[in-house]
2 protein chains.
Amino acid sequence: MTAPTHADETPAGPDIDDEVLLLLRRADQRYTTGRRRLVAALQSGDGPLTINQILDVDRSLAQSSVYRNLMVLEQVGAVVRIVTRDEFARYELAEHLTEHHHHLICTSCGDVADFALDDSMESSLDEALHKAADTRGFAVDAHRLDLLGTCGDCG
Amino acid sequence: MTAPTHADETPAGPDIDDEVLLLLRRADQRYTTGRRRLVAALQSGDGPLTINQILDVDRSLAQSSVYRNLMVLEQVGAVVRIVTRDEFARYELAEHLTEHHHHLICTSCGDVADFALDDSMESSLDEALHKAADTRGFAVDAHRLDLLGTCGDCG
DNA sequence: TCTGGGACTGATAACGATTCTCACCCTCGG
DNA sequence: CCGAGGGTGAGAATCGTTATCAGTCCCAGA
Ligand SMILES: [Mn+2]
Ligand SMILES: [Mn+2]
Ligand SMILES: [Zn+2]
Ligand SMILES: [Zn+2]
């Protein structure tokens, strides 16, 4: 659904940059070096990253610029802000740039990792969700599914 | 699984107080009037409440005490803290005091309402989730499922 | 019933992640 | 080559949340 490069390994990222560029252009924003490095940092982890994790991945980034640019990228629709359990927000690339997925949240170390469900489960779940939402007059845009527990490192 | 009062209407709450009392006693904590009013306030809405909503429901409560008591009740396992989209945390009674459910989060007004899935859907979902988690060496404690969209009032 | 210690309360100060400010820099069209 | 406007980043300001602490309240023991 998102034109994967080939198989389904790392969605890799030549075209991701192009997509982000388009999204920014559409809002009269520039795709500067700092913003490129930021997007690259987000691609590096296998889950959403906190501000500090981003700064740690790329020491050339300034904290205030990261905050501002993440806000810009979020408004433009390239990045999603995620709040889990702890006091730190996390950011990841929007799903239309990667793939639909969910999160394993470790209640011990706080780390967050991605995972996905089979397509069949996704679609039957979606159907059930829409049905449930309809009866409450709620128009569904997206669903969010997290698992809380203990990660392999903390097990 | 939680000894509902009878049908599945308002789980009502004589026994909820008893449960909370036990949980607090177990931790050498008292179930004071302020804490009872707090639990009552949480029962009043049909979704998790923010601190301000709680203070609004019961004007006799002091902000700092509400914050502290919510922390105590959370440590004791009677209350769960929920962070959704906005900057305000929300609190609700733990599911073993009520029923397993999920949340409809309105991205327009920020309001959060409860909803539930059929038992069959829940169990097949749980199975799929455990299977997915196992392959990542992740031990599941609970799942969290939210719908993002527009509520009836904002529609 | 009286009493002491410990839990609880609530106004207030402190904290910290995030957001805002603003002088400076850089880029791009003319 | 300029000038206007977007971008940058260090620091200040914001604000939800937490920690303090003196005063209360409650309960067990005398
Ligand atoms: Mn999903
Ligand atoms: Mn569920
Ligand atoms: Zn962990
Ligand atoms: Zn709404």
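All values below were derived from every heavy atom in this structure, side-chain atoms included, with hydrogens, water molecules and symmetry-related copies excluded. Note on naming: letters A, B, ... go to the chains in the order of the sequence lines (proteins, then strands), and numbering restarts at 1 for each one.
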Visitor: Report the C-alpha distance between A/Asp114 and B/Arg136 in whole Å, list the side-chain angles of each, state the deciding distance to 0.1 Å, and finish with yes or no for salt bridge (Lys or Arg N to Asp or Glu O under 4.0 Å).
Guide: CA-CA 10 Å; A/Asp114 292 345; B/Arg136 317 271 303 217; over 6 Å; no

Visitor: From CZ of B/Arg36 over to P of D/dC26, roughly how many Å is that when rounded to an integer?
Guide: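 Spelled out: CZ on B/Arg36 to P on D/dC26 is 12 Å.
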
Visitor: If the cut-off is 4.0 Å, is B/Thr32 near the phosphate of C/dT9, judged by side-chain N/O to OP1 or OP2?
Guide: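 It does, given that an N or O in the side chain of B/Thr32 lies less than 4.0 Å from OP1 or OP2 of C/dT9.
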
Visitor: Check step by step if ring-ring contact (aromatic ring centres under 6.0 Å, His included) holds for A/His102 and A/His143.
Guide: CA-CA 9 Å; A/His102 299 288; A/His143 71 253; 5.1 Å; yes

Visitor: As a test of reading the structure: which of D/dG6, C/dT18, D/dC26 is closest to the side chain of A/Arg30, going by heavy atoms?
Guide: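 The closest nucleotide is D/dG6.
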
Visitor: Can B/Arg36 be said to sit on top of B/Tyr31's aromatic six-ring, NZ or CZ under 6.0 Å from centre and within 45° of the ring axis?
Guide: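 Because its charged atom sits under 6.0 Å from the ring centre and within 45° of the axis, B/Arg36 does stack over B/Tyr31.
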
Visitor: Counting only side-chain N and O atoms of A/Gln29, is one of them less than 4.0 Å from OP1 or OP2 of D/dG6?
Guide: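 A/Gln29 to D/dG6 OP1/OP2: no side-chain N or O under 4.0 Å.
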
Visitor: Which comes earlier along DNA chain D counting from the 5' end, the contact point of B/Phe88 or that of B/Thr33, where each point is its nearest nucleotide?
Guide: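 First, find each residue's nearest nucleotide; the 5'-ward one identifies B/Phe88.
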
Visitor: Nearest to the A/Ile51 side chain among D/dT8, D/dG16, C/dT18, which nucleotide is it?
Guide: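 Nearest listed nucleotide: C/dT18.
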
Visitor: Grab the CG-C1' distance between B/Asp28 and D/dC27 for me, whole Å please.
Guide: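 Roughly 13 Å, once rounded to whole Å.
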
Visitor: Rounded to whole angstrom units, what separation is found between the CD atom of A/Glu87 and the P atom of D/dC15?
Guide: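 Atom CD in A/Glu87 sits about 20 Å away from atom P in D/dC15.
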
Visitor: Report yes or no: do A/Thr50 and A/Asn52 form a side-chain donor-acceptor pair below 3.5 Å?
Guide: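 Not at all, the side chains of A/Thr50 and A/Asn52 share no donor-acceptor pair under 3.5 Å.
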
Visitor: Please identify which of these residues, A/Val83, A/Leu49, A/Val112, A/Ile105, meets the side chain to side chain contact (heavy atoms under 4.5 Å, CB included) condition with A/Arg90.
Guide: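 Per the side chain to side chain contact (heavy atoms under 4.5 Å, CB included) rule, the option paired with A/Arg90 is A/Val112, out of A/Val83, A/Leu49, A/Val112, A/Ile105.
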
Visitor: From CG of A/Asp58 over to P of D/dT8, roughly how many Å is that when rounded to an integer?
Guide: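 Between P of D/dT8 and CG of A/Asp58: 13 Å.
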
Visitor: What is the distance, rounded to the nearest whole Å, between atom CZ of B/Arg81 and atom P of D/dG16?
Guide: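 Result: 13 Å.
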
Visitor: What integer distance in Å separates B/Asp86:CG from D/dT17:C1'?
Guide: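 Rounded to whole Å, this separation is 15 Å.
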
Visitor: In whole Å, I'd like the distance from the CZ atom of B/Arg35 to the P atom of D/dC25.
Guide: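 Answer to the nearest Å: 16 Å.
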
Visitor: Taking atom P of C/dG10 as reference, at what distance in whole Å does atom CZ of B/Arg37 sit?
Guide: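 Distance check: B/Arg37 CZ to C/dG10 P gives 11 Å.
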
Visitor: Please test A/Arg85 against A/Thr107 for side chain to side chain donor-acceptor pair (under 3.5 Å), starting from the C-alpha separation and ending with a verdict.
Guide: CA-CA 8 Å; A/Arg85 217 103 226 285; A/Thr107 51; over 6 Å; no

Visitor: Would you kindly say whether B/Ser60 and B/Asp58 are connected by a side-chain donor-acceptor distance under 3.5 Å?
Guide: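 The criterion, which ignores hydrogens and geometry beyond distance, is satisfied for B/Asp58 and B/Ser60.
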
Visitor: Quick check on contacts: within residues 59-75 of chain B, what sits under 4.0 Å from DNA chain C by heavy-atom distance?
Guide: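 Residues of residues 59-75 of chain B that come under 4.0 Å of DNA chain C are, in numerical order, B/Ala62, B/Ser64, B/Ser65, B/Arg68, B/Asn69.
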
